Amino acid sequence: MDTNKRPDDMKRINTPELAEAFIDEQVKAIQAQVGDGKVLLALSGGVDSSVCAALIMKAIGQQLVCVHVNHGLLRKGEPEQVIEVFRNQLQGNLVYVDATDRFLDKLAGVKDPETKRKIIGKEFIDVFVEEAKKLNGIKFLGQGTIYPDILESADGIKAHHNVGGLPEELNFELVEPVKLLYKDEVRMVGRALGLPEGMVDRQPFPGPGLGVRCVGAITRDRLEAVRESDAILREEFANAGLQGKVWQYFTVVPPITSTGIKDGKRTDDWMVIIRAVNSVDATAATVPEIPYELLFKIRDRIFKEVNGVNRVLFDLSTKPLATIEYE
Ligand code: XMP
């Protein structure tokens with residue numbers, strides 16, 4: 001039997017009851033597979049890895065070791081939320097690695113988007129492997145692979161992002177409890193596991209994180225402008241009831257400045273671009289109408305709270321011709 005094929009008669013998990021039944025079944029399966037062994041898992045804080053971690057934790061508790069690598073390109077509040085949920089609330093075994101300096105030093109002066117991505121991907125694996133080697137007796141690797149990942153790698157559309165890259169010497173056996181689920185089912189299971197709504201309903205967020213929104217060579221001060229303006233945008237969209245209604249929204253700060261005026265003096269500062277899109281599967285995207293009142297409020301807060309910015313723009317570009325992200 002191909003364990004990577006979703007059985008034709010598998011019901012779509014679209015009720016809390018079906019989610020509970022799935023959880024019970026997977027808890028037993030994980031316990032049977034792992035026994036008293038230890039499982040290692042890279043926990044990004046995204047929907048898939050979070051749900052996978054909570055599920056494995058329910059099955060084997062402290063036998064799961066989660067490693068959360070902060071590459072310095074996460075959104076405001078994200079590492080704190082991972083620690084709060086998995087260490088404080090679920091009482092899990094969580095190793096938190098703040099690798100910000102390491103990543104930003106490697107990225108200093110690097111302009112090319114693909115090179116930036118490669119550096120981030122490689123560094124991530126290096127940090128993870130270093131942590132794995134510090135831990136003894138780990139036989140299993142937990143992964144939040146989901147069904148679209150399997151379908152896409154089978155179609156040759158993209159390499160299986162979860163599997164590629166780890167050195168074979170680590171010799172892990174995989175534990176992938178949500179690999180036959182679609183995204184909406186993963187969210188349903190996450191809710192049934194009691195994960196916070198903000199984590200389960202999270203908008204898509206690229207692996208290289210804010211790195212692809214701090215266009216060109218990343219500097220710490222411009223990255224801070226991206227992070228702070230993004231936090232303001234998310235807060236104001238949530239206040240306006242748009243969270244979960246607009247598919248994805250974020251801010252971008254390109255490496256260009258323009259002339260402004262502050263306290264009677266000329267400034268030469270950055271611009272924050274607001275990007276908000278609707279999409280079904282990210283292959284195409286439209287731009288929703290956002291009320292001017294809300295945009296003005298966001299502009300005023302960015303002007304007041306974010307250093308080094310003198311202009312705020314709204315991106316009208318659909319995909320195609322633009323992509324959703326800037327790099
Ligand atoms: P694009 O920019 O290709 O993005 O229209 C499509 C969706 O995929 C998300 N995403 C990524 N985009 N690099 C990207 O450029 C990544 O590593 C990545 N991971 C996810 C992106 O946020 C958008 O929703």
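Counting starts at 1 for both ligands and their atoms, following the listed order. Because the structure is predicted, anything quoted here is derived from the model rather than measured.
Protein heavy atom at the shortest distance from atom 14 (C) of ligand 1 is R117 NH2, 3.4 Å. Here the protein heavy atom with the shortest distance to atom 11 (C) of ligand 1 is P206 CB, 3.5 Å. Nearest to atom 17 (O) of ligand 1 among the protein's heavy atoms is P208 CD, 3.1 Å.
Ring geometry, F124 versus F128: the interplanar angle falls under 30°, so the pair is classed parallel (tilted spans 30 to 60°). Relative orientation of the Y147 and Y182 rings is perpendicular, given thresholds of 30° and 60° on the angle between their planes.
The shortest separation from a heavy atom of Y326 to ligand 1 is not under 4.0 Å, leaving the residue out of contact. In this structure, E327 is part of the shell of residues with a heavy atom less than 4.0 angstrom from ligand 1.
Close approach of ligand 1 to W247 (heavy-atom distance below 4.0 Å) involves ligand atoms 24 (O). Within the listing of ligand 1, atoms 6 (C), 7 (C) sit less than 4.0 angstrom from a heavy atom of A282. Within ligand 1, counting atoms from 1 as listed, the ones closer than 4.0 Å to a heavy atom of T323 are 1 (P), 2 (O), 5 (O). Of all atoms in ligand 1, numbered sequentially from 1 with element shown, those under 4.0 Å from a heavy atom of G207 are 17 (O), 19 (N).
With F205 as the aromatic partner, R75 meets the cation-pi criteria of under 6.0 angstrom to the ring centre and within 45 degrees of the ring axis. Judged by the 6.0 Å distance and 45° axis criteria, R213 is positioned over the aromatic ring of F250.
If you check the side chains of Q203 and Q248, you find no donor sitting under 3.5 Å from an acceptor.
Residues P208 and I120 approach most closely at CB-CD1, 3.8 Å, considering heavy atoms.
Counting protein heavy atoms under 4.0 angstrom from atom 9 (C) of ligand 1 gives zero.
Considering only non-hydrogen atoms, atom 3 (O) of ligand 1 lies nearest to K319 out of Q248, K319, E325.
Annotation: I324 places an N or O atom under 3.5 Å from an N or O atom of ligand 1; distance criterion only.
Looking only at distances, no side-chain donor or acceptor of D300 sits under 3.5 Å from a matching main-chain atom of K297.
With rounding to the nearest 0.5 Å, the separation of CG in D230 from NZ in K76 is 10.0 Å.
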